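Note that the coordinates shown come from a computational prediction; the quantities given were computed from them, not determined experimentally. Numbering of ligands and ligand atoms starts at 1, following listing order. Residue numbers count from 1 along this sequence.
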Amino acid sequence: MTLSPVLTRPAWPTDRRITIRDLQAATDRGEKWSMLTSYDTQTAGLMERAGVRAILVGDTSGMTVFGHTDTIAVTMDHLIPMVQAVVRGTETALVVADLPFGSYQAGPKQALANAVRHLKEGGAQAVKLEGGGRIRKQVRRLADAGIPVMGHLGLTPQSVNVLGGVRRVQGRGEAGEQLLNDALALEAAGAFAIVLESVPAELGQRVTKEIRIPTVGIGAGPHCDAQILVWQDLAGLTPGRLPKFVKKYADLDKVLGEAFARFCSEVADGRYPDDAHSYS
Ligand code: KIV
């Protein structure tokens, strides 16, 4: 029996990049999908081969790559080479580039100029910015220009100086209503998905129900359409106490720490390089 092309077509493309329509289609058929941050070619390729559908080149690189305590110092010029690296390391994953603090707050014109840089210079397929109703004009301008926009609500790390830290759960009580209105405003302005960070699971569920575009949770409970984590958190590389929502899927801190220590001791006692690792 020959199956019709519709029945044989894989749900996710294998010969081209995933688009925002593929993400929406997965959400519409009730399939949850995964997203991770990456800032380099090698981890991006690994993630894609593991089934990660979208990769965020996030301004968390301010902490994970550049050693800052928050995301404020990150610029477009920091992010663009990382976006290029992630694009080079992937073939099918949708690459989303963060618009960093100061790159879109001045208005739609500034947002458009920087989003265009991410697509033209970086090779990204989409951009992400933080905020709700107050940035709807920026979102509308980008969407009108054909640039897919991901929103980000709840804990928005670029607002660290008004939030008073980035560990607080957002959207409790009346703030939940405001967050829902912000989500509706972003959807109406043309966003294709919304990250919900550090909000109660009930609010994550409510927003997911009320909007059609996918919600991407990070500390927003199990009901979101997709989930995202910062890869170093998931891999056990981030030192110190992590937020409750982070699940450690590996202990790379230990694995790599031991590898580096073995290298040092083998160099010190002459066991490395041995004949097997030397040219004759
Ligand atoms: O920059 C980033 O990595 C993010 C995630 C935490 C969602 O915005």
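For Asp59, a nitrogen or oxygen atom sits less than 3.5 Å from a nitrogen or oxygen atom of ligand 1, counting backbone and side chain alike. Between Thr60 and ligand 1, at least one N/O pair is under 3.5 Å apart.
Close approach to Thr37 involves these atoms of ligand 1, each under 4.0 Å from a residue heavy atom: 3 (O). The Ile218 neighbourhood of ligand 1 comprises atoms 6 (C), with distances under 4.0 Å to a heavy atom of that residue. For ligand 1, the atoms sitting less than 4.0 Å from at least one non-hydrogen atom of Asp98 are 1 (O), 2 (C), 8 (O), numbered in the order shown with element in parentheses. Listed by number with element, the atoms of ligand 1 under 4.0 angstrom from any heavy atom of His152 are 8 (O). Interface atoms of ligand 1 facing Gly58, defined by a heavy-atom separation under 4.0 Å, are 1 (O), 2 (C), 3 (O).
In this structure, Leu94 is a member of the same hydrophobic cluster as Leu229, with clusters built from ILVMFWY side-chain heavy atoms closer than 4.5 Å.
Side chain of His277 to main chain of Asp274: no donor-acceptor pair is present (N/O by atom type, distance under 3.5 Å, no hydrogens or angles). Not one N or O on the side chain of Glu187 forms a donor-acceptor pair closer than 3.5 Å with the backbone of Ile211. Without hydrogens or angle criteria, Thr41 side chain to Ala85 main chain gives a donor-acceptor distance under 3.5 Å. Formation of a donor-acceptor pair under 3.5 Å by the Arg17 side chain with backbone atoms of Ala93 is found in this model.
One distance of note links CD1 of Ile218 with CD of Gln227; it measures 9.0 Å at 0.5 Å rounding. Here the CG-CG distance, from Leu153 to Leu203, works out to 9.5 Å after rounding to the nearest 0.5 Å.
Looking from atom 7 (C) of ligand 1 to the surrounding protein, the closest heavy atom is Leu56 CD2, 3.9 Å. For atom 8 (O) of ligand 1, the closest non-hydrogen atom on the protein side is Lys128 NZ, 2.9 Å.
Using 4.0 Å as the threshold, Glu130 has no heavy atom nearer than that to any atom of ligand 1.
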